[in-house]
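In what follows, a structure is listed as structure tokens, so that the remarks can point back to it.
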Amino acid sequence: MIEYIRGELTELSPALAVVETAGVGYALGISLNTYSAIQGKKEVKLFVHENLVTGGRDDSFTLFGFASKQERELYRMLISVSGVGGNTARMILSATSPQELCNVIASGDERMLKNVKGIGLKTAQRIIVDLKDKIVSSGIAQELHVTTGGGSVISSPVKDEAVSALTMLGFSPAPSAKVVQQILTEQPELPVEQVIKLALKMIK
């Protein structure tokens, strides 16, 4: 089992990081929160969750990377809930910060969870029922320190990167581009991770 990967950050998008160590480049799926935490760094350490899917036509092995153990623990809690897969858990963590998500679950705010693609009312309720006590007892909310990105950005590269990330998360390119363009027209100075967070709440 891989606990973490430390090395040179050779590629980075809001949904994927490539970390090279000992001559091997590891591609890891990441959330927007991890993207914000490692953006601009040359050397990174990502805590790893290994996802092995078997039984289909082709077995698949995917690595997910997290900037903190706390975010990884929250991710693992989410995928322990029936009906929540790896990409859905990552999308939840991209739509809100880990700290905010802890508050949402602890307060039973199913409406926020329903705004995430693939999360219906029953799944939102199940997440809250299954994880509310775990979130409170684990102390994870008190441990979390979320880093947010900032700074001025040029709209065109931000749009391309945001649409690419949304496509990787499972949304169609055309509606993604429309929503991203709408966001950037109203708030052209937003960093890409904030654009994606807003888009996740607007795309239907």
Side-chain angles (χ1 to χ4, degrees), residues 9 11-18 27-40 51 62 64-67 71 74-75 78-79 81 83-105 107-128 144 146-204:
L9 183 63
E11 294 181 36
L12 180 65
S13 77
L16 185 74
V18 177
L28 303 101
I30 59 173
S31 72
L32 283 179
N33 296 291
T34 291
Y35 172 79
S36 297
I38 66 176
Q39 191 177 25
N51 184 35
T62 306
F64 289 96
F66 304 89
E71 187 183 13
L74 192 54
Y75 173 88
L78 286 168
I79 63 174
V81 177
V84 180
N87 282 324
T88 300
R90 178 173 63 164
M91 200 174 297
I92 292 171
L93 287 168
S94 293
T96 182
S97 73
Q99 180 68 56
E100 290 168 341
L101 182 58
C102 286
N103 293 334
V104 164
I105 294 172
S107 64
D109 186 1
E110 60 190 37
R111 184 174 56 184
M112 179 273 155
L113 290 172
K114 281 174 57 185
N115 286 334
V116 180
K117 183 190 178 187
I119 301 294
L121 177 59
K122 288 185 178 180
T123 303
Q125 291 173 336
R126 196 178 302 124
I127 290 172
I128 291 168
L144 283 167
V146 181
T147 303
T148 57
S152 298
V153 288
I154 301 172
S155 61
S156 182
V158 168
K159 178 182 177 182
D160 293 343
E161 199 166 2
V163 172
S164 174
L166 289 165
T167 302
M168 290 179 70
L169 288 170
F171 294 97
S172 299
S176 297
K178 183 177 180 180
V179 169
V180 168
Q181 182 61 53
Q182 179 184 338
I183 293 168
L184 287 174
T185 299
E186 296 173 356
Q187 303 180 73
E189 300 301 316
L190 281 181
V192 66
E193 60 268 26
Q194 293 299 325
V195 173
I196 297 168
K197 283 187 178 184
L198 287 173
L200 285 170
K201 297 175 182 178
M202 294 170 64
I203 298 177
K204 301 297 182 183

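- Looking at heavy atoms from C-beta onward, Asn51 lies out of side-chain contact with Ile79 at the 4.5 angstrom threshold.
- Not a single side-chain hydrogen bond (donor to acceptor under 3.5 Å, both in side chains) links Tyr75 to another residue, sequence neighbours left out.
- Of the possible polar contacts, none joining the Ser164 side chain to the Asp160 backbone as a donor-acceptor pair under 3.5 Å is found.
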Exercise for review: Give the C-alpha distance, both sets of side-chain angles, the deciding distance and a yes or no for side chain to side chain contact (heavy atoms under 4.5 Å, CB included) between Leu93 and Leu101.
Suggested key: CA-CA 8 Å; Leu93 287 168; Leu101 182 58; 3.9 Å; yes

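- With sequence neighbours excluded, the residues forming a side chain to side chain contact (heavy atoms under 4.5 Å, CB included) with Ser107 are Asp109, listed by chain and number.
- Atom CD of Glu110 sits about 12.5 Å away from atom CD1 of Ile105, to the nearest 0.5 Å.
- Counting all heavy atoms, side chain and backbone alike, Ile30 lies closest to Gly65 at CG2-O, 3.6 Å.
- Take Thr88 and apply the side chain to side chain contact (heavy atoms under 4.5 Å, CB included) test, not counting sequence neighbours, and it matches Val84, Ile92, Ile119.
- Residues passing the side chain to side chain contact (heavy atoms under 4.5 Å, CB included) test with Ser172, sequence neighbours excluded: Pro175.
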Review point. Between Tyr35 and Val192, does a side chain to side chain contact (heavy atoms under 4.5 Å, CB included) hold up when you go through it step by step?
Key: CA-CA 10 Å; Tyr35 172 79; Val192 66; 3.3 Å; yes

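- Under a 3.5 Å cut-off, the side chain of Thr34 and the backbone N or O of Ala67 do form a donor-acceptor pair.
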Practice item. Begin from the C-alpha positions of Leu74 and Cys102 and carry the test side chain to side chain contact (heavy atoms under 4.5 Å, CB included) through to its verdict. Key: CA-CA 9 Å; Leu74 192 54; Cys102 286; 4.2 Å; yes

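- Here CG of Leu78 is found 13.5 Å from CZ of Arg90. Values are rounded to the nearest 0.5 Å.
- Legend: residues meeting side-chain hydrogen bond (donor to acceptor under 3.5 Å, both in side chains) with Thr96, ordered by chain and number and at least two apart, are Glu100.
- Distance check, rounded to the nearest 0.5 Å: NZ of Lys197 to CG of Leu32 gives 6.5 Å.
- Side chains of Met91 and Leu200 form a contact here, defined as non-hydrogen atoms less than 4.5 Å apart.
- Here the closest heavy-atom approach between residue Ala17 and residue Leu9 is recorded as CB-CD1, 4.0 Å.
- In this structure, CG in Leu28 is found 9.5 Å from CZ in Phe64, a value given to the nearest 0.5 Å.
- Across every non-hydrogen atom of Lys201 and Ala95, the tightest pair is CE-O, 3.7 Å.
- With rounding to the nearest 0.5 Å, the separation of CD1 in Ile183 from CG in Leu190 is 8.0 Å.
- Scanning for side chain to side chain contact (heavy atoms under 4.5 Å, CB included) contacts around Lys114 gives Leu121, Ala124, with sequence neighbours left out.
- Residues in residues 173-183 take part in these side chain to side chain donor-acceptor pair (under 3.5 Å) pairs, two or more places apart or across chains: Lys159-Gln181, Gln181-Thr185.
- Contact between Pro14 and Ile196 at its shortest, heavy atoms only, is CB-CD1, 3.4 Å.
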Review point. Gln39 and Glu193: side chain to side chain contact (heavy atoms under 4.5 Å, CB included), yes or no, with the steps?
Key: CA-CA 10 Å; Gln39 191 177 25; Glu193 60 268 26; 4.0 Å; yes

